[in-house]
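Structure first, commentary second.
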Amino acid sequence: MKEAIRQRARELGFDDCRFTHAAPPARRAAFDAWLAAGRQGEMGWMERSAVKRRDLQAVLPGARSIITLAVNYNPPPRDNATANSTGSPDEPRGQVARYARHADYHDVLSAPLKTLAEFVESTSGSNARCLWYVDTGPILERELAERSGIGFVGKHTNVISRQFGNWILLAEILTTLELEPDPPETNRCGNCTRCLASCPTQAITAPFQLDARRCISYLTIELKGSIPLELRSAIGDRIFGCDDCLAVCPWNRFAQAGRLLHPHARPDLTEPALLELLQLDEAQFKRRFAGTPLLRSKRRGLVRNVCVALGNVGTAAVLPTLARATSDPEPLIAEHARWAVAQINSRKK
């Protein structure tokens, strides 16, 4: 049965498929301590779902096994990053995390994951029930990935695959079917601390310890209000997410180009022109980013990030456009635009 499921998963485009038991997570105490320290920031949904994250039976009563899946999103070798971007080649451009340079992976992976869950139910012969998630379930999915052998949790707290490096997305199927667990993966970071040293905001406070409140991915995506003044300069030109701690990992030398997400690539999101994004109105924003992860940030969040990036990398040439943004009807954007103008003017002196 396991091999049949694994084969079907590969046919559907998943790069890896492993199995583990449904016992409570071993890291639940560490998770509780992380919440108690407030390191989740404004991600209140993590605390609201904490009971389920500690006990898989609260997610799917009768769960006996977890099928864990990985999708490699590493892009093919870059040939011309800005070939499909608009605007002048000399315009300041922003960085978007690799996973977000595609159609929204939640949408892309849902169909094959649902198909695989239906396959498990239809071929088990035991009236098995399944519940599937694409990165959204109330479960500690990184521990499940490690426990099943997908990869190991690195010092940056992300899962590292020996086969695909850091560039993987996770999905899970919880099932009442009993399947023999695969061997767990063991940590293989050794003495390496490249990820800690690379973090621009020192969000990785110690090996395996992340303060999300300082993480650029949190600041540019999850945080809905004003970005703390003391962290804005460190954000650089990043406007949606950050790959720094992932990109420096030595295990990336084994990374290959991904299959499942590649047809859904959005080359226009590789290095988008910042001034163009700054001038988007609500309707233009929704049209431009429909079906992509960037839609999550809403216009107010993305343009806020663009203002910060321009404040960090912009020159006097962008000041007229930024000056107009200081009168944006959205106060969050106007405040960050004023900060950006002040930053650029301070560099002119």
Side-chain angles (χ1 to χ4, degrees), residues 1-35 46-72 109-110 112-155 157-164 166 168-189 208:
M1 185 67 187
K2 280 177 59 176
E3 289 312 309
I5 295 170
R6 217 186 305 264
Q7 177 61 32
R8 185 69 180 122
R10 293 193 184 106
E11 292 170 357
L12 290 167
F14 293 100
D15 292 295
D16 204 355
C17 174
R18 305 288 179 112
F19 304 84
T20 188
H21 52 80
R27 293 194 178 100
R28 57 190 182 277
F31 173 65
D32 288 344
W34 186 76
L35 288 177
M46 299 196 77
E47 193 161 10
R48 290 192 296 271
S49 62
V51 171
K52 290 184 175 180
R53 293 176 190 275
R54 298 185 195 107
D55 182 8
L56 293 168
Q57 298 305 313
V59 182
L60 178 65
R64 303 176 77 178
S65 303
I66 315 294
I67 303 167
T68 62
L69 300 136
V71 172
N72 166 28
L109 302 189
S110 289
L113 189 58
K114 180 182 178 183
T115 299
L116 184 60
E118 290 172 345
F119 173 81
V120 173
E121 290 179 338
S122 65
T123 58
S124 66
S126 60
N127 297 316
R129 288 177 294 134
C130 292
L131 185 62
W132 55 269
Y133 291 114
V134 182
D135 188 36
T136 55
I139 55 179
L140 299 181
E141 65 174 3
R142 284 173 289 183
E143 176 170 332
L144 295 176
E146 186 173 77
R147 199 161 81 183
S148 65
I150 287 279
F152 57 93
V153 177
K155 291 177 181 175
T157 75
N158 294 289
V159 174
I160 303 170
S161 164
R162 285 192 283 163
Q163 201 174 359
F164 305 112
N166 288 244
I168 56 172
L169 300 169
L170 301 175
E172 301 80 29
I173 299 174
L174 285 67
T175 178
T176 56
L177 182 66
E178 184 164 14
L179 298 162
E180 182 183 355
D182 287 327
E185 179 61 284
T186 57
N187 185 273
R188 298 174 187 273
C189 288
F208 313 106

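Along the sequence shown, residues are numbered consecutively beginning with 1. Fair warning: this is a prediction, and the values are worked out from it, not measured in the lab.
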* To do: Decide yes or no for Glu185 and Arg162: does some side-chain heavy atom of the first lie under 4.5 Å from some side-chain heavy atom of the second?
  => yes
* Looking only at heavy atoms, which two atoms of Thr176 and Ala128 are closest? And how far apart? -> OG1-CA, 3.4 Å
* To do: Indicate the atoms forming the closest heavy-atom contact of Arg53 with Pro25, along with that distance.
  => O-CG, 3.3 Å
* Please tell me if the side chains of Phe19 and Ile5 come closer than 4.5 Å, counting only heavy atoms from C-beta onward. => yes
* Are side-chain heavy atoms of Met1 and Ser124 found at a separation under 4.5 Å? -> yes
* If you count the non-hydrogen atoms of other residues, nucleotides and ligands that lie under 6.0 Å from NZ in Lys2, is the total more than 12? -> yes
* Asked: Do Thr175 side-chain atoms and Arg129 backbone N/O form a donor-acceptor pair below 3.5 Å?
  -> yes
* Nearest heavy-atom neighbours spanning Trp132 and Leu113 -> CE3-CD2, 3.4 Å
* With distance as the sole test, does Glu143 use its side chain to make a donor-acceptor pair with the main-chain N or O of Ala26 at under 3.5 Å? -> yes
Anything under 3.5 Å between a donor and an acceptor, one on a side chain of residues 54-64, the other on a protein residue two or more places apart or in another chain? List them.
| unit_1 | atom_1 | unit_2 | atom_2 | d |
| --- | --- | --- | --- | --- |
| Arg54 | NE | Asp32 | OD1 | 2.7 |
| Arg54 | NE | Asp32 | OD2 | 3.2 |
| Arg54 | NH2 | Asp32 | OD1 | 3.1 |
| Asp55 | OD1 | Gln57 | N | 3.0 |
| Gln57 | OE1 | Gly62 | N | 2.8 |
| Gln57 | OE1 | Ala63 | N | 3.3 |
| Gln57 | NE2 | Ala63 | O | 2.8 |
| Arg64 | NH2 | Glu178 | OE1 | 2.4 |

* Asked: Step by step, would you call Leu170 with Thr68 a side chain to side chain contact (heavy atoms under 4.5 Å, CB included)?
  -> CA-CA 7 Å; Leu170 301 175; Thr68 62; over 6 Å; no
* Is a side-chain N or O of Glu121 found less than 3.5 angstrom from the main chain of Cys130, in a donor-acceptor match? -> yes
* If every non-hydrogen atom of His21 is compared with every non-hydrogen atom of Arg147, which pair is closest and at what distance? -> O-NH2, 2.7 Å
* Side-chain donor/acceptor of Arg142 to backbone N/O of Val153, under 3.5 Å -> no
* Asked: Quick one: does Arg8's side chain get under 4.5 Å of Leu116's, heavy atoms only?
  -> yes
* Under the salt bridge (charged side-chain N to carboxylate O under 4.0 Å, His left out) test, which residues partner Arg18, sequence neighbours left out? -> Asp16
